[in-house]
Amino acid sequence: KAMITNYFEHDLNGLDPQRAYNLITIQGLTYLLTTGFYNGSKEALWYLSLYGGNYTPTSGLTQASYPATASEITSGTEGYSNATRPAWTLAAPSAGSATNVASKAAFTIATASSVMIYGAALHSESTKGGVTGTCAAATKFATAREAFNTDVFNLGYVTAITSTD
């Protein structure tokens, strides 16, 4: 038997760390199976995004539907100032786990008032609002996070596969 555990770990300005378990989309599972067991091409990098809609991801979520369905935060003036989705820069996988929690992606918030962050996703495309590629995983946080100008929203993603006898 194998068990898969996936979650986003996030904090605001290094404070109040929270964990949000997620789902791997059908699109993400197909990518993993095609790349790992078949002869699919591997993506060189993966990217993280934030969304502002009160949306609960479903397994049918795709990269094409994600930006509009989840209301991806894409504005550089009422969202975050990063030019693209930050890269998921992970450490070498070990003991069945891959993570960037030791070096989370940083989103620098830019807003005249505040931005509500409801959830996050993992993508194969760096373009904010991009609709090509793979949306591998997504989650809605237990509680939306309100961020203000110059706040830094830090986001890590962990995926682990454990085997049991």
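Atoms considered below: every heavy atom in the structure, side chains included; atoms not considered: hydrogens, waters and symmetry mates.
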With a 4.5 Å limit on heavy-atom distance, are the side chains of Thr139 and Leu23 in contact? no
Test item: Ser126 and Leu45 side chains (from C-beta on) under 4.5 Å apart, heavy atoms: no
Main-chain N/O of Gly129 paired to Glu72 side chain as donor or acceptor, under 3.5 Å: yes
Are side-chain heavy atoms of Phe107 and Leu155 found at a separation under 4.5 Å? yes
Are Trp88 and Tyr80 connected into the same hydrophobic cluster when the rule is that any two of I, L, V, M, F, W, Y join if their side-chain heavy atoms are below 4.5 Å apart? yes
Between Asn100 and Ala105, what is the shortest heavy-atom contact and its length? ND2-N, 3.6 Å
Under 3.5 Å: donor-acceptor pair, side chain of Thr127, backbone of Gly130: no
Does any pair with a residue in residues 23-33 pass side chain to side chain donor-acceptor pair (under 3.5 Å), and if so which ones, sequence neighbours excluded? none
Verify, without hydrogens or angle tests, whether Arg85 (side chain) and Glu125 (backbone) share a donor-acceptor contact under 3.5 angstrom. yes
Of all heavy-atom pairs between Ile161 and Ala2, which one has the smallest distance, and what is that distance? CG2-CB, 4.3 Å
Any idea how Tyr66 and Tyr51 line up, ring-wise: parallel (<30°), tilted (30 to 60°), or perpendicular (>60°)? perpendicular
Write down the atom of Gly133, the atom of Ser124, and the distance for their closest heavy-atom approach. CA-OG, 3.3 Å
Let me confirm one number: the OG1-CH2 distance from Thr159 to Trp46, rounded to the nearest 0.5 Å. 11.0 Å
Checking the side chain of Asn22 only, and the main-chain atoms of Tyr7 only, is there a donor and an acceptor separated by less than 3.5 Å? yes
Describe, in one word, how the ring planes of Phe141 and His10 are oriented to each other, choosing from parallel (under 30°), tilted (30 to 60°) and perpendicular (over 60°). parallel
Can you list, by chain and residue number, the hydrophobic cluster partners of Val152 when the side-chain cut-off is 4.5 Å? none
So which atom in Ala147 and which in Thr111 form the shortest heavy-atom distance, rounded to 0.1 Å? O-CG2, 4.2 Å
Is there a side-chain contact between Lys128 and Ser49 (heavy atoms, below 4.5 Å)? no
Can you run down the salt bridge (charged side-chain N to carboxylate O under 4.0 Å, His left out) pairs that involve residues 87-116, sequence neighbours left out, and say none if there aren't any? Glu9-Lys104, Asp11-Lys104
Val101 backbone acceptor or donor facing Thr99 side chain under 3.5 Å: yes
Heavy-atom pair with the smallest gap, counting every atom of Ala98 and Leu90: CB-CD1, 3.5 Å
Is there a donor-acceptor contact under 3.5 Å from the side chain of Asn82 to the main chain of Ala106? yes
